[in-house]
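Count residues from 1 along the sequence. When a ligand or atom number is given, it counts from 1 through the structure's own listing order.
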Amino acid sequence: MSLEMPCGILDLDARHVWHPFTQAATAGPPLPIVSASGAVLRTEDGRELLDLISSWWVTLHGHAHPVIAEAVAAQARKLEQVIFAGFTHEPAVRLAARVAGLLPGGLNRVFYTDNGSTAVEAALKMAHQYWRNQGRERTVYVGFDGGYHGDTVGAMSAGRASGFFATWERLLFPVEVAPYPATWDGDPEPQAAEAKAFEVLDRIFDASRDRIAAVIVEPLVQGAGGMRMCRPEFLRGLCERVRAAGTLLIFDEVMTGFGRTGAHFACCKAGVEPDIVCLAKGLSGGFLPLAMTVAQDRIHDAFLGPGVDTAFLHGHSFTANPLGCAAGLASLDLLLATECQERIAAIEDVHRERMAELGKLPGMAKPRVCGAIAAIDLDAPDAGYASAVGPRLKQALLDKGLLLRPLGNVLYLLPPYCVTDEQMHRAYDGIAGVLKDIVG
Ligand SMILES: *Cc1c(COP(=O)(O)O)cnc(C)c1O
């Protein structure tokens, strides 16, 4: 088998590669992508695809962005990796300081990991040890239905009510689950669902007081659970209750961070200061695996002491990888530029105009927009992640050159910020056409 043969890659792939979230027996061959720029992916057979999901929510400014590519290349020639225990380097320090500067108040301490799941694992372990270091044993966590926090065992536990993890149910630790008050544009009564959620939370807090290590939530938008959106008012009410219950609040901003919700972070938009924030995905502009768990100074200080027993003994080989940090610094420069902020606002405008139209098509419900993220539900008898309409939609859209990946019967767009108005309208025109064929 020669690598030079045009069919070589797919043959080798079929023999040696195991793809994520894929039933290889029925999936058909994956699409080989040879290059990309801006919001466009190019396939081996010369087709162009518009990447409207930021390649699984990571790409911020477009693919192969020359400024980030150059920053990574320059860093690679200087220092590609160094052990981060007992050593440090400028890109990690500067990136930590800059992200801390963008986050509210005392969220100043950055613990580096290398993906969203490990950022969540670190947060969960940090919360447990924070209490333990003060002589208190707290093992109860509170999450939300539809919440997704990653695929490692602790993150799966926190997201156990997402419906994704039945296979590993018996490996998961128990987590109390509250309803997530999902709302949409034109929801006549969002307060009712919020009141219900608070009622359940109050019950949990009353029953488990002094045993709750932390509450973990995806603020403003639940990603994998179906792009379900909640109001800032709910997060403020949640924060008040967490404070009254005397426990910790973890915001999983792995997806919502770095401008997706229209603000730099969802916590800024909601006006809530959590105790711990998890960041990954867009942190490196989508170039390299990099993540952070950012804690309040007071949490970090609870780990100080004479011995290693109170230290946070957790770490990963590629902690604070210099290439990822260099990409992150370049990406932040691009994000904070007026041009990018204007693009984010323009993307939201197009979402609002076009989602309102899609919402009027028969069989469509609950159009919703939060910053650069937009979603809508298709009426389906089998609504949910396993809905049969998802794969049909995906294929029909792909045939039109649009890369979208519906979450079951939920169609969403989460484009990189470089996407042009013309590309956005082309995408929405294509979507409207496909929806008329499939639903209408
Ligand atoms: C994607 C995601 C994760 C997991 O991140 P990985 O890098 O895929 O491990 C965690 N939390 C949220 C909210 C996510 O969207």
Numbered atoms of ligand 1 (with element) below 4.0 Å of G150, judged on heavy atoms: 4 (C), 10 (C)

At a 4.0 Å threshold, what atoms of ligand 1 neighbour a non-hydrogen atom of D252? 10 (C), 11 (N), 12 (C), 13 (C)

Assert yes or no for the condition that the ring centre distance of H61 to H63 is strictly below 6.0 Å. no

Is W57 near ligand 1, meaning one of its heavy atoms is under 4.0 Å from it? yes

Ion pair E253/R260, N-O distance below 4.0 Å: no

SB check R236 E240 (cutoff 4.0 Å): no

Quick one: does ligand 1 sit under 4.0 Å from the side chain of E253, the backbone, both or neither, non-hydrogen atoms only? neither

Atoms of ligand 1 under 4.0 Å from any heavy atom of M255, numbered from 1 in the order shown, are 15 (O)

Best match, G116, A280, G223: closest heavy atom to atom 7 (O) of ligand 1: G116

Near S117 (heavy-atom distance under 4.0 Å), the atoms of ligand 1 are 4 (C), 5 (O), 6 (P), 9 (O)

Is the closest heavy atom of K281 to ligand 1 under 4.0 Å? yes

Salt-bridge test for D185 and K366: reply yes if a basic N is under 4.0 Å from a carboxylate O, no otherwise. no

Could you list which atoms of ligand 1 come closer than 4.0 Å to a heavy atom of Y148? 2 (C), 3 (C), 11 (N), 12 (C), 13 (C)

